[in-house]
6 protein chains.
Amino acid sequence: MTRHDLRAVTELRPVQIENNYLMHPEGSVLITVGNTKVICTATIEDKVPGFLRGQGKGWITAEYSMLPRATEQRTRRESSAGKVTGRTMEIQRLIGRALRAVVDLEALGEKTVWIDCDVIQADGGTRTASITGAFVAMTQAIAKMGTEKPFAKFPVTDYLAATSVGKLANIGAVLDLNYNEDSTAEVDMNVIMTGAGQFVELQGTGEEATFSRTELNELLDLGEAGIAQLINIQKDALGELAVLIGKVEA
Amino acid sequence: MTRHDLRAVTELRPVQIENNYLMHPEGSVLITVGNTKVICTATIEDKVPGFLRGQGKGWITAEYSMLPRATEQRTRRESSAGKVTGRTMEIQRLIGRALRAVVDLEALGEKTVWIDCDVIQADGGTRTASITGAFVAMTQAIAKMGTEKPFAKFPVTDYLAATSVGKLANIGAVLDLNYNEDSTAEVDMNVIMTGAGQFVELQGTGEEATFSRTELNELLDLGEAGIAQLINIQKDALGELAVLIGKVEA
Amino acid sequence: MTRHDLRAVTELRPVQIENNYLMHPEGSVLITVGNTKVICTATIEDKVPGFLRGQGKGWITAEYSMLPRATEQRTRRESSAGKVTGRTMEIQRLIGRALRAVVDLEALGEKTVWIDCDVIQADGGTRTASITGAFVAMTQAIAKMGTEKPFAKFPVTDYLAATSVGKLANIGAVLDLNYNEDSTAEVDMNVIMTGAGQFVELQGTGEEATFSRTELNELLDLGEAGIAQLINIQKDALGELAVLIGKVEA
Amino acid sequence: MTRHDLRAVTELRPVQIENNYLMHPEGSVLITVGNTKVICTATIEDKVPGFLRGQGKGWITAEYSMLPRATEQRTRRESSAGKVTGRTMEIQRLIGRALRAVVDLEALGEKTVWIDCDVIQADGGTRTASITGAFVAMTQAIAKMGTEKPFAKFPVTDYLAATSVGKLANIGAVLDLNYNEDSTAEVDMNVIMTGAGQFVELQGTGEEATFSRTELNELLDLGEAGIAQLINIQKDALGELAVLIGKVEA
Amino acid sequence: MTRHDLRAVTELRPVQIENNYLMHPEGSVLITVGNTKVICTATIEDKVPGFLRGQGKGWITAEYSMLPRATEQRTRRESSAGKVTGRTMEIQRLIGRALRAVVDLEALGEKTVWIDCDVIQADGGTRTASITGAFVAMTQAIAKMGTEKPFAKFPVTDYLAATSVGKLANIGAVLDLNYNEDSTAEVDMNVIMTGAGQFVELQGTGEEATFSRTELNELLDLGEAGIAQLINIQKDALGELAVLIGKVEA
Amino acid sequence: MTRHDLRAVTELRPVQIENNYLMHPEGSVLITVGNTKVICTATIEDKVPGFLRGQGKGWITAEYSMLPRATEQRTRRESSAGKVTGRTMEIQRLIGRALRAVVDLEALGEKTVWIDCDVIQADGGTRTASITGAFVAMTQAIAKMGTEKPFAKFPVTDYLAATSVGKLANIGAVLDLNYNEDSTAEVDMNVIMTGAGQFVELQGTGEEATFSRTELNELLDLGEAGIAQLINIQKDALGELAVLIGKVEA
């Protein structure tokens, strides 16, 4: 059997990252992964949350949302419902945690970077697209800070990208699931890795199913290859800013 | 004195309406008015609110939101705050009420049209851009209903568009205020009119200021002229659907 | 056809403003407009909202509510529902904005005037009655401030009153709609004006209907005449305080 | 020492109950106890809460609120705060429970009586004034039901009134505390009794103090005498409806 | 007739208080009263609520909750419901108020003692068990403060315990109602008393019933006897800390 | 370097599972893992969520909470805060999802099993202890259903247990982190596995750090060994019910 959109099991959907998408934010991109489209923005705030105050360190925090008709059926706005769903909270925490893994918070200084990921159109993989796009928006915003007051060490220490892998009935392990695949997958795993090929986060879930150690290894192989391609696309999107990643000025 | 963006006092900002902007909704547009950009979608729901049940009539309701970085300073998400602000509520009610004025709710039948207006980038006039864009998205969605089961009478009875007019110190009455103008205007008025040149809604506010009957008439003249231009742009955006507006099939 | 309560189309309902209605507030009135009764109080608070701090300016803010049985059917309390409805928010914002148009916020100094309008009995026109009554309560409260520490310039610069006008089927334009008229009106317009005959706010709404420029002018004529009468009643209610309005002490 | 308002320790404040105070509710009173003023309304709803459905029994439920400036300092609205305080909840539950003690819920049939007590002006004893006033409003509303469809047995089986007693330093036990007394009392007790002299509810609280069995008896003696006077005032307010209380028609 | 668990009408259920039940809190007990089990903890916080700041006085505040399956039917979590019920609020306020009656808040200094009562298993009398247990946890926590910085006067001035009494059909007045008795009692009364035999709080409620002065006296006699036994159990649980209660060091 | 509690890197903390801990729930355990203590209960509800209605399938859902003083510092109650934190939501979703992986929802029939995990004392690993304990409580509750109406196939198809593994500076990979270790770990991974040695969920997070594929494999080896020991303890706790797991009756 083949995938219903005819991709190879090792093939990402077409990915584009459009830079400086909006006029107001310090960093902003529109990331497109197949039919999934997410606007990611980065805002620099001149203070840190209470638990970090006075420690000379910065913070990265993220919020995630979907437009009501990003999905096939209209989803009720969380502002109308008066509360944020568990799914949204999980994703927000994941995005923030992942980005912090490649930022030297001391080099950043007492600033908060607010990441906002707003899904305009959803077709699977919105959280991984958000991370991949948010990395670029965040890097832009931090680079902009540096033009005003140069960093001794550039706070972004490495690339960071994310993708999903999963196990489909009759097909097996595949890379970058779209919504159709995601909703029927037996195993679904999000892989977040750095430019150096290290894991930052691994979340594998059997959906009313389970997976063996062998299957795990197959999925990780696919994920590693996909991440490497995504990081190349991020490099292109960053253009001349790419040289800053991991740079120690002194 | 001239306007800081050099427009004539009678001049709209450049307006574009991009049709079928998203893959999932029954109707969707991206409307651009100068630097203001709003995604408007229309969703058909197969039931009506409780107070209308069993009366053979439909309903139009609207929700409005801004991305956190649609604005120069980041705005806190209403979903995080856990409640919708008064400003948002006012705008939502206005959009729904305005659209209902040009829809024959009995011809629509027991359906609800959900309008979602999400501001991607804000530079003044987001509520009037939302109404102008939402009219096109709503018409598309209703036309799509008609392709499945033709209407005896097309429910959209006339065009509807909105713009703002205002009084600026040292300049006087102007059409279509951008954010810079809006935040310093002495008088701010939203005008919503039909294709037939009738008023649907008029909201004029002196911001810690007042206005005379003569000034009111000047503002209304500007508004009428602007609305006529906007309706022409809506016609172009609707293309062959334009013929349906006000049509009685029999 | 005549109005069902036999009033002329140009006739207000009987209006009374009872001063110093309550023992605790700095200013308080019971305003009666036909069967509509609203308690309006004014409270002076010795600070301003965050966005005004340190600017030497004051603020006027309003809250509005209805007793559950002010209406024919019992309305659920907003405190039980846990949130304020859109209608309430609109009205609160309108009352505050309107009053600010006749107050010199710098002359007021760094104080907030809290206006509370609580509808005891509703028969149409509760928001306009609230504004007309709140003006008197606010003036009393500010005058009381002045007895403790005289103002160089009295902060209330002019009178302010509000009424509704509308278009009824078979009757045409009428002044001061009661609930029965309001719920069947084709056009409903709130007019807020100053003692000098300037507009402060104009909100005209076609309820699933529209109105022409000619009809607009008819409605405005009625509104202007009604406002003038209401301001005379305010003057009587204020008694010797009336002389303070617009007064520059020096 | 004497009470600061010169009352005897056994003396109630002046009490008035104004009947049919509002036009819409089935029952409504304005009760005045000294400077405390409460509007009490009763609404008949044609259903019962879920836990009673289908049992042929009715229910009595109460809501209580204060206008923001009923008090010397402005109190924040519970609708703005988005939640009801513990104090309000306690009072609401108390009012409903007390009234149910003198209503035969089976004779009432599957109806809910909603009691709303809104304090217009507070000077101590608002919860007991609410109960005393609500009894009259409730009886009116139930009597009105009976004029439409006569009851085999009138559901209100006895009178019900409430007052406070307390222990003041240097004075000892007193009846009907005003705010000044209440806020300095060592012991505060609410007594709710029937026309037959039975207790319905007794809530005595030492405020950072305690009381002996002897003191308790002194307080109860005062309360019993006060209740008897309040019930006479209720009888006058009810007029010819007074004959219905406890009546078995057959 | 006899009680369904064969107790004498004057008999408490078996009571145990297990000290130092948890590792983290400054004070903690597991109190067992028959099948009712409550974990009570006391936390010392180094500040006081706003209304007490700078007065040199402390505060005692309490929170109460039940595990969802403390009850026979699962109770929805208040955190899921997003709000605390009226019953919970009443109990929380009662626990805090009662404990404050035996604490010299000036001797405590500017500290808040947070009491948390979490019902693990409920079989009637959870609020009175909470008070009896919380007294021990609070005393432990305050004694621990004293080991770090000795008090001139130990802030806990007397013992405090609580129990319920009630009137059962066919049996009459009984002490310490379990759930089965509580849910059918005609009268239910909570009695809170000190070691000196003074009342702190008395809450008697006729549940769709009433009670006479004679019945009240019978109930109070039972309550007094029960409280004396509970205080002996508290003394045993406190062990060598018992000597601190009411102690003036100097 | 050795672990601060002297355990081998491959050593679990002492684990006990106390069965039938509470009188009311259909299944209940107290699980102790070192100093971490969690009460897990299972409740059978005779219906399913809306999205499953009429499909002949059951559902497992979980709620998780901590007593305020389960932790070293008092944590604010989520019921007081009026909302559930993101951390709590993540854990609740994880517990439910994991348990569903070993339950045949069709064999269960149209029932919901509510799992409640309430942490009494926290010292790291509360979510994994919750899963391990909840498995036993759930199995008991389902077995009890079976005694009333035997299952054709017992719905619990395999064992399920969870533990944490992590990477500590200077020590490397370790099994079952306590709070002290967890808060300083460079990598933290939760492993959830079945009796058959399959993965159900894998969540590995670099905390401002990353991990290589080799390190991942080391962690998984430790986790697999720990899970096998936990499942043996579950078998002992279930006693004669153990034979039911995975049983097909026919």
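Since we're looking at a predicted model, the values are computed, not measured. Values reported hereafter were calculated over all heavy atoms of this structure, with side chains retained and with hydrogens, waters and symmetry mates removed. In the text below, chain A, chain B and the rest are named by the order of the sequence lines, each starting its count at 1.
Proximity to chain C is limited to the side chain of B/E224, based on heavy atoms less than 4.5 angstrom apart. Within the 4.5 angstrom heavy-atom criterion, only backbone atoms of B/V84 (N, CA, C, O) approach chain C. Proximity to chain C (any heavy atom under 4.5 Å) is shown, for B/D188, by neither the backbone nor the side chain. With a threshold of 4.5 angstrom between heavy atoms, B/L220 approaches chain C through its backbone and through its side chain. For B/L216, the part lying under 4.5 angstrom from a heavy atom of chain C is the side chain only. Neither the backbone nor the side chain of B/N190 comes within contact range of chain C, judged by heavy atoms closer than 4.5 Å. In this structure, chain C has no heavy atom under 4.5 Å from any part of B/T88.
For C/S212 against B/Q198, the heavy-atom pair with the smallest separation is CB-OE1, 3.3 Å.
From C/F199, atom CZ reaches atom CZ of B/R213 across 5.5 Å, with rounding to the nearest 0.5 Å. A distance of 9.5 Å separates OG1 of B/T210 from CE of C/M193, quoted to the nearest 0.5 Å.
With chain B as the partner, the residue from C/G206, C/A209, C/G204 showing the most heavy-atom pairs under 4.5 Å is C/G204. Note on C/M89, C/E90, C/Q203: by heavy-atom pairs under 4.5 Å with chain B, the leading option is C/E90. Listed options C/V102, C/T85, C/V187, C/N217 were ranked by heavy-atom pairs under 4.5 angstrom with chain B; first place goes to C/N217.
At a cut-off of 3.5 Å, with distance as the only test, a side-chain donor of C/T205 or B/E201 sits close to an acceptor on the other residue.
At a heavy-atom separation below 4.5 angstrom, chain B is approached by no residue within residues 157-185 of chain C.
Shown here is B/E72, whose CD atom has no more than 12 heavy atoms of other residues, nucleotides or ligands within 6.0 Å.
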